[in-house]
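Quick caveat: nothing in here was measured; it's all calculated off a predicted structure. For this chain, numbers begin at 1 and follow the sequence in order.
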Amino acid sequence: MTSASSQRPAFGLIYLRKTVTWLFITLLIIYLLYSFTLILNKDSECTNSSSDLSTKEAFSLPPPPPSHSKNSSFQKISGEPETGPQHIVFGIAASSNLWDKRKEYIKLWWKPGEMRGVVWLDKNVTIKKNEGLPEIRISGNTSKFLYTNRQGNRSALRISRVVSETLRLGLKDVRWFVMGDDDTVFAVDNVVRVLSKYDHNQYYYIGSSSESHIQNIFFSYAMAYGGGGFAISYPLAKELEKIQDRCIQRYPGLYGSDDRIQACMAELGVPLTREPGFHQYDVYGNLLGLLGAHPVTPLVSIHHLDVVDPIVPRMSRVDGLQRLFESMKYDTASIMQQSICYDKQKYWSISVSWGYVVQITRGNISPRELEMPTRTFLNWYKRADYTAYAFNTRPVTKHPCQKPFVYYISTAKFDRSKNQIVGIYHRHRESYPYCRWKIESPENINAIVVLKRPDNNRWQKAPRRDCCKVLPSNNSNLYIWIDSCGKGETSEM
């Protein structure tokens, strides 16, 4: 009995300890859960507070700058008249030292009373009355501007400001400024055609690159070459004028005027819009290969007339160009446009550069080859060969028998009764290598008569070469008809 009564207190104590332990564990769990809940709530409050803070900060940010997409100055005005010569102002960079010679180029294409423009010279020159020239002004002083290029000339600073100085004259109803040199001729109607494609209320910088790959690498493929000419829309000219003097100071090491213009255009964020009809012609020698295979695009300009040979052999440069402009009077849109056809009876390949030249080659030469310029010219860099051109070329002849017989424009007239242009091309007399082929030689053909209807709307359609046909001819004259290609009509050998 004693032993039994002595064991009860020990059992009760153990039970009490277990109860207290479980109670402690339960309270600890409740405490931990409660603490965890408090932490979650606190984090949630912090998150909400942070979110509220970021929202408040967002509302406190300044508003974005206004959008210019609806700016009225950029909206094309409905019902406004089509662009014409009266909407274009030419800025011509000239030198007093060469003025007496180069003004004759300007007289070829300038139309007094129909056009507006200014010749900007470095100093005064003698001016004769009724010479049919644009207004002449003296460029502003550029002595304050830095110029550090050892190979160039400070006149580049003066010429680069031609567009801005022309803008400051305050001429009314201007849509485009066209820049060019005094040794450049323009096909004005084609200038109008090209610029009419673009909205003059927008920012446009339009021109073309050099024919020399090395020139383009040295300067820029993104630059419009000033000699070949380029066009700047009026609103862009206004923006250029605002920054140009400061911009010029930032680029003292540049060589010329056109690379300074492009540097400023890069700051304005305006890229070059390419129109291949602007021709810099950074080449030497004979332009026959280039002009005889002109790309299917309007001829806009020809530059470096003092550097290249006269476009018609044995004539002065001005007289040769005058013949070109005679044809241009009747159909400027088609000037220099190439047509390709074949005299299948005589086995001749014929290429016509309308208004300029006809070339006859013995044998079959594919259109793919004929539309590629022949290398009658030399690269701007004497050590560079034909691989340094920025376009494909081909040799003048692959075989002695395939040296082309060349017929240059002699005269052009318009036959109103038949509504057609009659162009007469005479053979250029030169020696030819001996040919053993039994194919008839074109040497007996003294003149080629090319018939064509005017086609002023050709560039409102998709670009395409005209087609030509050899008409019944006699032994000394060849007759060719040129017209837009019909359905299914091709230039097949």
Taking atom NZ of K111 as the centre, does the number of heavy atoms from other residues, nucleotides or ligands within less than 6.0 Å exceed 12? yes

Test item: side-chain donor near acceptor, Q420 and D415, under 3.5 Å: no

What do the steps show when you test Y234 against H87 for side chain to side chain donor-acceptor pair (under 3.5 Å), and what is the final call? CA-CA 10 Å; Y234 183 79; H87 298 119; over 6 Å; no

Mind listing the closest non-hydrogen atom pair of G207 and F278 along with its distance? CA-CD1, 4.1 Å

Between S441 and F405, what is the shortest heavy-atom contact and its length? OG-CZ, 3.6 Å

Do H200 and E80 have side chains that approach each other closer than 4.5 Å (heavy atoms only, starting at C-beta)? yes

May I ask you to decide if the ring planes of F377 and F391 are parallel, tilted or perpendicular, using 30° and 60° as cut-offs? tilted

Taking only Lys NZ, Arg NE, NH1 and NH2, and the carboxylate oxygens of Asp or Glu, determine whether K398 and E369 approach each other closer than 4.0 Å. yes

Contact check, side chains of I106 and P134, non-hydrogen atoms, under 4.5 Å: yes

Counting neighbours of CZ on F325 that are heavy atoms of other residues, nucleotides or ligands and sit closer than 6.0 Å, is the number greater than 12? yes

Output, in order, the C-alpha distance, side-chain angles, deciding distance and verdict of salt bridge (Lys or Arg N to Asp or Glu O under 4.0 Å) for E104 and K107. CA-CA 5 Å; E104 300 303 322; K107 290 179 183 179; 3.3 Å; yes

The test is side chain to side chain donor-acceptor pair (under 3.5 Å); show your working for D183 and H304 and say whether it passes. CA-CA 6 Å; D183 63 338; H304 275 149; 5.0 Å; no

Close side-chain approach of Y479 to P472, heavy-atom, < 4.5 Å: no

Salt bridge (Lys or Arg N to Asp or Glu O under 4.0 Å) assessment of E430 paired with K403: CA-CA 11 Å; E430 60 181 334; K403 180 179 179 180; 3.8 Å; yes

Sidechain N-carboxylate O distance under 4.0 Å for R453, D483: yes

Just by distance, with hydrogens left out, do R260 and S160 show a side-chain donor and acceptor under 3.5 Å apart? no

Is the shortest side-chain heavy-atom distance between P442 and R427 below 4.5 Å? no

Is the distance between the ring centroids of W109 and F90 less than 6.0 Å? yes

Is there side-chain contact between V191 and V194, with at least one heavy-atom pair below 4.5 Å? no

Any chance CZ of F414 has more than 12 other-residue heavy atoms, nucleotides or ligands included, within less than 6.0 Å? yes

Shortest non-hydrogen contact from L370 to Q338? O-NE2, 2.9 Å

Counting only heavy atoms from other residues, nucleotides and ligands, does the tally under 6.0 Å from NE2 of H213 exceed 12? no

Applying side chain to side chain contact (heavy atoms under 4.5 Å, CB included) between I248 and each of I261, L157, L254, report the one that passes. L157

Could you check whether S484 and R458, counting side-chain N and O atoms only, form a donor-acceptor pair closer than 3.5 Å? no

Could you tell me whether D173 atom CG has more than 12 heavy atoms of other residues or ligands within 6.0 Å of it? yes

Going by distance alone, is a donor N or O of one side chain under 3.5 Å from an acceptor N or O of the other, for T397 and Q402? no

Would you say Y251 and E267 are linked by a side-chain donor-acceptor pair, where the criterion is simply a distance under 3.5 Å? yes

Short N-O contact, K197 and E275, less than 4.0 angstrom: yes

Is D306 salt-bridged to R102, cutoff N-O under 4.0 Å? yes

Any side-chain donor paired with an acceptor under 3.5 Å for S210 and D282? yes

Passes ring pair (Phe, Tyr, Trp, His ring centres under 6.0 Å), Y284 versus W380? Steps please. CA-CA 6 Å; Y284 292 102; W380 193 249; 4.9 Å; yes

Take atom CD in Q345; do more than 12 heavy atoms of anything else shown fall under 6.0 Å from it? no

Assess whether atom OH of Y381 is packed by more than 12 heavy atoms of other residues, nucleotides or ligands within 6.0 Å. yes

Distance-only side-chain donor-acceptor flag, R375 / T393, under 3.5 Å: yes

Using a distance-only test with no angle check, is there a side-chain donor-acceptor pair under 3.5 angstrom linking S208 and R274? no

Would you mind checking if E135 and R137 are paired as a salt bridge, meaning a charged N to carboxylate O distance below 4.0 Å? yes

For R429 and N446, what are the C-alpha separation, side-chain angles and deciding distance, and is it a side chain to side chain donor-acceptor pair (under 3.5 Å)? CA-CA 10 Å; R429 303 289 176 175; N446 295 319; 3.1 Å; yes

Tell me whether C341 and C467 have SG atoms closer together than 2.5 Å. no

Does the side chain of Y225 come under 3.5 Å of the side chain of H279 through a donor N or O and an acceptor N or O? no

If I compare all heavy atoms of W354 with all of D331, which pair ends up nearest, and what's the gap? CZ3-O, 3.4 Å

Full working for salt bridge (Lys or Arg N to Asp or Glu O under 4.0 Å) between K329 and E326: CA-CA 6 Å; K329 289 192 303 185; E326 284 296 320; 3.1 Å; yes

Under 4.5 Å between any side-chain heavy atoms of L451 and I421, yes or no? no

